[in-house]
Amino acid sequence: MRPLSCTIASLCLFASSLLIGCSGAFVPTDTSASDTPVGSMSGTLMGGRQPIVGAHLYLYAAGTSAYAGPGIAASTSNASTSLLKSFTSGAFPTTADSNGNYYVITDSAGFWGISGEYNACTPGTQIYIYTVGGNPGAGTNSAAALMAALGQCPASGSLASAFPSVYINEVSTVAAAFAMAGFASDATHVSSTNPIATASPLVLTLAGTGIANAFANAKQLFDITNGLNSGNPIARATTPNGNGTVPQSRIDALANTLATCINSVGVSVAQCYTLFGDATNDGVTCTTLPTTPCSDEPTDTASAAINIAHYPTKNVTAIFNQAPSTGAPYGNVLTAAPKDWGITISFTGGGLVAEGGGDPLSLAIDGSGNVWNASTTVISKFSPLGVPASSTGYTGGYAFKLAGSVAPDATSSNVWIADYTNAALVKLTESGATATSTATGSTGLQAAVLDGSGNVWTVASANKMFKYNSSGTLIASYTGNGMDFPDGIAIQPGATGTVWTPSASSSAITAFTNTGGTVTGSPFADGFSTVGGEGIAIDSSGNVWLPAFLTGQLTELTSAGAVVSGSPFTSGVPTGGTDADGSSSGIAIDGNNNIWIASSKGGAIFEASHAGAELTSTIGITPNITATPDGIAVDLSGDIWYNSDASATIFEIIGAGVPTTQPLSYAVANSKLGARP
């Protein structure tokens, strides 16, 4: 099934990325059934601007048996796999640690080497380097841990051909930690499930595509092949393709904080134990250090970086203040603490247009991790790395007038667009070459979604709902049932899931059976005290979530339409701001059933738990530029994508969420809403 996988040809794009590396007791399985030589490679390990001498350097493959990631405890089932083997020749022989895992030791210049004679990897798995310990100048520091991503093990050749020299420092570690956060419980427990569908030709599953895309994202942030030659090994300012702006100063500022600990003598000094107390694995500060350690604190800098990626809005100022005020190794790049540590790349191009030429309204993810954006007069497609598929976007020869919604089908062979002004449902091929349309006979077509049987459903502001078959032929239209300017639409999982739509002009939500019948009790009260909302999403239990666009409140209904106790929730939702029109319209649910809200009122992205508790703080995660977030989606890697109704830009928050089954049509059909791929 091509759309729900990636061929090795399509994944050559991902040949340079990374994952995480260290922490805790770790007994991974040594690989003996590997297929492809890693090859000979070498590089330099630096702590700040000082070489780290005598560090242990490991080569790991991400696990393939079980998920690791936020909220998942490290275990033997989700441990990374050690690749180095016993080798006694040459300048860098291997040594076994107490767990039987082999490493090489960096020399007096921080230099290291690996010979291809004693390591190999399984095609399709993701490979990274992890270092621990060594002396960066002040003395031996067991808490110093750094990482660099290598990427996907190829089906032939060697991985080293793409990385003959690898530069590892705090910046490469931050890039790794955030890019792979969705798959990392700590630095030695990085894992997905069943990443390989077939070995020859190499085809990846949805899970494999997600972790491959995540590894590739590390290269978007830092160039591990040019750190030594650049003379200034800092984060990128723009992505390799040139159309993405990277928050360079934020990445380098966090690298400065890590360097403060790395260039000390370890956990016994404030430079390390203060960082570890603030960068815990649950976001709650450990207040008993240094006297009494907490069970949730990391023991090394690599795992601390992963924890910060999991909780980018927690203890931000405290973590920032641990970097030196002058003489920081990567420059004093920020004069004050950022609002959050979220690493948000902003992308332009691809035919995106700003308000006045067309508002970006809706975006969606397909089974390869591509991002589709409806931008009024054009449909834009971006790769998982934000590279536009077309510089001008797609129309397929169709004259869009107000394309406000886009939905890929379960095989990603087509995308469906609701055109508000033309009153038409449009089918666009994956290549963007051709489009066909079906007139609805009703103005104001608002949104499109697919059910588990491949039927396409839309709603219109004229209080109508339409159902089409997978060819785009109109099956039926429905009216009544309390619809009052319906806007969003969502379908419960299964082949015949219930269809839900909120009313933007009243505090009600309407539910239809899959054959258009009225669900008993519909329309249901949505629990809001004021006018309802536009966005809607359904979780793994079939419960329905709605953000109120006037107040920012978040309501949860059971699959039977009853308001869940404690709802509407007010914690963890946007506060402040002046934009009342559509202030909280975009909503998505990640692979851990957490709720993500795009809020133009708050000017940021907010996360709430499945219980409605705040996870990102009341200020949320803010973009690099002034924006009013609108549509939102979570991809296969756990990255949060959103657009803005005020700029020709889409945004990606790296590693902030939990990997999520995509496209939504596939998740509906296979009961994978709110679940990992």
Side-chain angles (χ1 to χ4, degrees), residues 20-26 44-58 95 97-99 103-112 129-148 167-174 176-177 186-188 233 252-281 285-308 315 318-332:
I20 337 189
C22 114
S23 139
F26 164 53
T44 305
L45 176 66
M46 304 290 286
R49 299 305 175 97
Q50 303 297 318
I52 301 181
V53 181
H56 296 181
L57 183 142
Y58 295 84
T95 303
D97 64 19
S98 60
N99 293 318
Y103 58 85
V104 297
I105 300 176
T106 59
D107 69 12
S108 59
F111 187 77
W112 55 270
I129 291 173
Y130 159 71
T131 74
V132 63
N135 184 350
T140 300
N141 184 354
S142 63
L146 298 168
M147 303 177 290
Y167 189 92
I168 309 167
N169 67 354
E170 291 87 352
V171 185
S172 73
T173 303
V174 173
D186 59 37
T188 55
D252 290 341
L254 186 52
N256 285 333
T257 290
L258 297 183
T260 303
C261 172
I262 288 172
N263 289 307
S264 71
V265 293
V267 293
S268 62
V269 297
Q271 293 95 319
C272 286
Y273 69 68
T274 303
L275 170 64
F276 297 161
D278 288 326
T280 58
N281 62 23
T285 302
C286 177
T287 59
T288 59
L289 291 172
T291 305
T292 305
C294 296
S295 61
D296 59 356
E297 68 174 274
T299 58
D300 61 74
T301 51
S303 290
I306 293 167
N307 290 343
I308 294 170
N315 304 320
I319 292 170
F320 172 81
N321 288 340
Q322 290 164 38
S325 58
T326 60
Y330 304 108
N332 296 97

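One-based numbering along the sequence shown.
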S.K.: Taking only distance into account, with no hydrogens and no angle test, what donor-acceptor pairs under 3.5 Å do side-chain atoms of residues 269-277 form with protein atoms, sequence neighbours excluded?
M.R.:
{"from": "T274", "atom 1": "OG1", "to": "A270", "atom 2": "O", "distance (Å)": "2.8"}

S.K.: To the closest 0.5 Å, what do you measure between OG1 (T188) and CE (M147)?
M.R.: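 Here the interatomic distance stands at 10.5 Å.
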S.K.: In this structure, which one of I52, I105, I168 forms a side-chain contact (heavy atoms from CB on, under 4.5 Å) with W112?
M.R.: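 Only match with W112 under side-chain contact (heavy atoms from CB on, under 4.5 Å): I168.
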S.K.: I'd like to check Y130 versus L146 (side-chain heavy atoms, cut-off strictly below 4.5 Å). Are they in contact?
M.R.: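 No - every pair of side-chain heavy atoms lies 4.5 Å or more apart.
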S.K.: Going by side-chain contact (heavy atoms from CB on, under 4.5 Å), name the residues that satisfy it together with N281, two or more places apart in sequence or in a different chain.
M.R.: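 With neighbours one apart ignored, the set is D296, N307.
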S.K.: Return yes if some donor-acceptor pair links the side-chain N/O of Q50 with the main-chain N/O of G47 below 3.5 Å, else return no.
M.R.: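 No, Q50 side chain to G47 backbone: no donor-acceptor pair under 3.5 Å.
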S.K.: Using modelled atom types only, decide if a donor and an acceptor are shared between the side chain of N332 and the backbone of S325 within a distance under 3.5 Å.
M.R.: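 It does hold such a pair.
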S.K.: Could you tell me whether the side chain of R49 reaches within less than 4.5 Å of the side chain of P233, counting heavy atoms only?
M.R.: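 When only atoms from C-beta onward are counted, R49 and P233 do touch, with a gap below 4.5 Å.
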S.K.: May I have all residue pairs that pass side-chain hydrogen bond (donor to acceptor under 3.5 Å, both in side chains) and include part of residues 256-265, sequence neighbours excluded?
M.R.: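 Pairs touching residues 256-265 that pass the test: none.
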S.K.: Taking the side chain as everything from C-beta on, heavy atoms only, tell me whether I308 gets closer than 4.5 Å to L254.
M.R.: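 Sidechains of L254 and I308: in contact.
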S.K.: In chain order, what residues pass the side-chain hydrogen bond (donor to acceptor under 3.5 Å, both in side chains) check against N135, with sequence neighbours excluded?
M.R.: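 With sequence neighbours excluded, N135 shows a side-chain hydrogen bond (donor to acceptor under 3.5 Å, both in side chains) to no residue whatsoever.
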S.K.: Heavy atoms only: give me the nearest P136-G139 pair and the separation to one decimal.
M.R.: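 Heavy atoms only, the tightest pair is CD-O, 3.4 Å.
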S.K.: Can you list everything that forms a side-chain contact (heavy atoms from CB on, under 4.5 Å) with A144? Sequence neighbours excluded, please.
M.R.: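 If we apply the side-chain contact (heavy atoms from CB on, under 4.5 Å) test to A144, skipping adjacent residues, the hits are N141, I262.
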S.K.: Shortest non-hydrogen contact from G110 to P51?
M.R.: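 Minimum heavy-atom separation between G110 and P51: N-CB, 3.7 Å.
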S.K.: Do T140 and V265 make a side-chain contact, defined as non-hydrogen atoms from C-beta onward lying under 4.5 Å apart?
M.R.: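 Heavy-atom side-chain distance check fails, nothing below 4.5 Å.
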S.K.: Taking side-chain hydrogen bond (donor to acceptor under 3.5 Å, both in side chains) as the definition, give me every residue that meets it alongside Q322, ordered by chain and number, with sequence neighbours left out.
M.R.: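 Only D278 meet the side-chain hydrogen bond (donor to acceptor under 3.5 Å, both in side chains) criterion with Q322.
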S.K.: The test is side-chain contact (heavy atoms from CB on, under 4.5 Å); show your working for T173 and L258 and say whether it passes.
M.R.: CA-CA 9 Å; T173 303; L258 297 183; 4.3 Å; yes
S.K.: How far does CD of E170 sit from SG of C261, to the nearest 0.5 angstrom?
M.R.: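 Output value for this atom pair is 9.5 Å.
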S.K.: What residues form a ring pair (Phe, Tyr, Trp, His ring centres under 6.0 Å) with Y103, not counting sequence neighbours?
M.R.: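 Partners of Y103 by the ring pair (Phe, Tyr, Trp, His ring centres under 6.0 Å) criterion, ordered by chain and then number, come out as H56, Y58.
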S.K.: Check whether any side-chain heavy atom of T106 lies under 4.5 Å from a side-chain heavy atom of T131, and answer yes or no.
M.R.: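 A side-chain contact under 4.5 Å is absent here.
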S.K.: Without placing hydrogens or testing angles, list every side-chain donor-acceptor pair under 3.5 Å for residues 286-293, not counting sequence neighbours.
M.R.:
{"from": "T288", "atom 1": "OG1", "to": "T292", "atom 2": "O", "distance (Å)": "2.5"}

S.K.: In sequence, state the C-alpha distance, the side-chain angles, and the governing distance for L57 and I129, and then conclude on side-chain contact (heavy atoms from CB on, under 4.5 Å).
M.R.: CA-CA 7 Å; L57 183 142; I129 291 173; 3.7 Å; yes
S.K.: Holding to side-chain contact (heavy atoms from CB on, under 4.5 Å), I want the full list of residues that pass it with D107, two or more places apart in sequence or in another chain.
M.R.: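 side-chain contact (heavy atoms from CB on, under 4.5 Å) check on D107 returns F92, A109, F111.
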